[in-house]
Amino acid sequence: MSSYFKDISKIQYEGVDSNNPLSFKYYDEDKVILGKKMKDHLRFATCYWHTFTWPGLDPFGGPTFERPWMQQGDPIEKAEEKLDEAFDFFDKITTPFFCFHDRDISPEGKNYSETQKNFFHIIDLMEKKLSKSKVKLLWGTANAFSHRRYMAGASTNPDPEVFAYKAAQVKDCMEATMRLGGQNYVLWGGREGYETILNTNMKLEMNNLARFLELVVNHKHKIGFKGQILLEPKPHEPTKHQYDFDSAACLALIRKAGLENEIHLNIEVNHATLSGHNFEHEIAYAIANNALGSIDINRGDTLLGWDTDQFPNNPLELLMPFYHIFSNGGFKQGGLNFDAKIRRQSIDPEDLFYAHIGGMDVAARSLIAVEKMINDKELSSYIKNRYKKWDQDLGKFIHSKEGNLETIANKVISENIEPEPQSGQQEYLENILNKYL
Ligand code: XLS
Ligand code: NI
Ligand code: NI
């Protein structure tokens with residue numbers, strides 16, 4: 001029986017005038033925006049790892065959360081208890097989805113067979129829970145980075161036994177994800193990179209990573225999984241150099257494996273910023289390459305150079321990323337996973353609710369603003385106009401069969417081409433954004 005969240009009831013929309021901290025101020029799940037219900041645009045997911053598994057550690061201190069399922073005891077019973085509490089939370093917070101890693105939900109055993117038995121025991125229970133709850137699985141993923149066997153990488157490990165171990169984990173987790181009706185399967189490399197080139201065969205490691213992607217896609221087709229396969233970029237942390245640094249590096253890997261129609265991207269806010277881009281750039285880059293699959297929503301801290309995984313709290317930061325996403329059709333199978341954790345001093349059950357409520361309200365505010373931006377067409381008309389000459393004679397000629405360096409150069413002389421620079425009007429455009437929030 002679940003009890004940790006017993007004093008909290010299902011969170012309802014009460015509007016901006018409500019003083020109830022356990023209510024939504026903007027997220028009104030059935031409100032129609034751009035022709036669809038908010039909940040169907042945003043497709044929020046609660047993540048199992050930060051919300052139920054991470055105990056509040058930091059490099060200088062141990063667990064602070066001490067939740068009942070984190071206490072000493074039989075690991076399987078504790079995993080079952082955690083599952084009960086997690087589903088109680090999902091039903092109360094009303095995110096329509098959740099996400100998990102295999103190791104978040106069940107403990108490792110003394111060998112792979114025992115680990116597998118533990119995993120499928122919880123998957124069986126999860127399947128029953130899903131049949132009684134409204135929540136669905138957005139994606140599953142395998143943790144191939146925490147255990148010491150993975151310290152030198154998983155599919156990029158110098159030892160093929162480690163590659164094989166990860167393959168076994170991913171096979172099981174993909175099959176479980178499919179059984180639970182998961183809509184995506186995520187691959188985040190974890191330690192797919194290197195610490196020092198002194199001990200690293202980069203070419204072999206990258207080939208092995210591409211081979212791994214190929215094996216995953218083959219298995220997807222073998223078992224008939226209809227979900228998207230997603231690769232999640234991250235530049236550093238845990239390893240110094242990661243092969244999946246950002247969207248561009250992930251796309252290079254995907255293309256190396258010849259899988260551009262098979263693998264899309266799961267882009268995370270704080271990973272984008274750590275790579276020296278912003279979230280908006282990473283989203284726009286993925287969209288421009290037909291590669292956007294889903295997003296992990298969180299935020300970093302401008303004063304801290306690591307993955308702080310905080311809940312989003314600034315609608316302005318999501319405005320342009322959402323503008324790109326929702327003016328390009330939004331999510332079909334993907335969604336918005338809160339890959340975010342509360343601070344380690346936030347030790348009460350309510351704190352988990354405040355964090356998710358805040359994140360959902362911030363996203364809802366941005367979505368409401370984006371509807372106006374899209375309908376007003378100010379930005380889209382501006383860009384269309386800025387590039388309009390590409391639809392005229394010279395633009396078309398450059399892309400035509402007749403276009404080559406010589407014929408194009410000849411035009412510069414025969415048509416007396418002297419380009420006149422135009423203002424980029426950045427400040428004018430930045431001022432437009434203010435109107436919407
Ligand atoms: C870690 C990643 C991880 C993935 C899933 O930084 O964000 O949580 O989303 O393995
Ligand atoms: Ni993530
Ligand atoms: Ni992350």
Side-chain angles (χ1 to χ4, degrees), residues 43-55 57-59 95 97-105 137-147 150 153-156 166 169-170 172-174 176-177 182-193 209 212-213 216 227-247 249-250 263-279 282-283 286 292-301 304-312 321 334-342 355 359:
R43 295 168 58 84
F44 290 123
T46 299
C47 89
Y48 217 98
W49 52 103
H50 288 318
T51 297
F52 306 108
T53 306
W54 180 63
L57 301 164
D58 77 5
T95 53
F97 296 95
F98 76 105
C99 299
F100 70 86
H101 294 87
D102 50 0
R103 293 293 79 83
D104 304 331
I105 63 166
L137 179 61
L138 188 66
W139 48 263
T141 189
N143 176 335
F145 46 87
S146 294
H147 193 279
Y150 293 123
S155 43
T156 59
K166 178 184 180 186
Q169 254 186 273
V170 170
D172 284 343
C173 196
M174 279 177 82
T177 299
Q183 305 198 4
N184 308 270
Y185 185 83
V186 166
L187 301 160
W188 170 59
R191 299 179 194 275
E192 307 296 34
L209 183 48
F212 191 77
L213 299 181
V216 167
Q228 302 186 104
I229 303 291
L230 304 174
L231 192 59
E232 181 174 324
K234 185 171 182 180
H236 314 284
E237 207 201 32
T239 40
K240 178 171 170 180
H241 298 283
Q242 299 263 162
Y243 300 128
D244 43 9
F245 188 95
D246 59 0
S247 295
C250 283
I263 304 185
H264 294 87
L265 301 176
N266 181 42
I267 298 183
E268 178 165 322
V269 182
N270 201 182
H271 296 181
T273 44
L274 290 171
S275 70
H277 300 302
N278 55 21
F279 186 44
E282 287 289 89
I283 294 288
L292 182 67
S294 197
I295 59 175
D296 271 5
I297 196 99
N298 57 20
R299 75 175 206 275
D301 184 308
L304 302 173
W306 65 87
D307 199 9
T308 60
D309 286 331
Q310 289 167 255
F311 278 80
L336 245 99
N337 170 44
F338 284 113
D339 197 344
K341 53 184 187 251
I342 53 179

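Residue indices begin at 1 and follow the sequence shown. In listed order, ligands and their atoms are each counted from 1.
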Heteroatom of D339 nearest to the Ni ion (ligand 2) (N, O or S, atom name): OD2
Spatial distance of atom CG (N184) from atom SG (C99) [nearest 0.5 Å]: 8.0 Å
4.5 Å side-chain heavy-atom contact, F100 and C173: yes
Result of checking W188, F145, Y48 against H101 for ring pair (Phe, Tyr, Trp, His ring centres under 6.0 Å): F145
Geometric class of the F245/H236 ring pair [parallel <30°, tilted 30-60°, perpendicular >60°]: perpendicular
Which of the ligand 1 atoms, numbered from 1, are nearer than 4.0 Å to a heavy atom of D307: 6 (O)
Atom pair CD (E232) and OG (S247), whose distance is rounded to the nearest 0.5 Å: 10.5 Å
Top protein contact for atom 8 (O) of ligand 1, by heavy-atom distance: D339 OD2, 2.9 Å
The Ni ion (ligand 2) to E232: nearest N/O/S atom name: OE2
R299 side-chain N/O to F311 backbone N/O, donor-acceptor pair under 3.5 Å: yes
Member of D339, D296, D309, D307 meeting the side chain to side chain donor-acceptor pair (under 3.5 Å) criterion with H271: D307
Nitrogen or oxygen of E232 less than 3.5 angstrom from that of ligand 1: yes
Polar contact flag for W188 and ligand 1 (N/O pairs, less than 3.5 Å): no
Heteroatom of E268 nearest to the Ni ion (ligand 3) (N, O or S, atom name): OE2
Within-shell test, D296 vs ligand 1, heavy atom, strictly < 4.0 Å: yes
Which of the ligand 1 atoms, numbered from 1, are nearer than 4.0 Å to a heavy atom of H271: 1 (C), 2 (C), 6 (O), 7 (O)
Short N or O distance, H50 and ligand 1, threshold 3.5 Å exclusive: no
Working for side-chain contact (heavy atoms from CB on, under 4.5 Å), residues F98 and L137: CA-CA 5 Å; F98 76 105; L137 179 61; 3.8 Å; yes
C250 side, atom SG; L230 side, atom CG - distance, nearest 0.5 Å: 11.0 Å
Considering only N, O or S atoms of D307, the one closest to the Ni ion (ligand 3): OD2
Proximal atoms of ligand 1 relative to H101 (non-hydrogen, under 4.0 Å): 5 (C), 10 (O)
Residue K234 vicinity, atoms of ligand 1 by number, heavy atom under 4.0 Å: 1 (C), 6 (O)
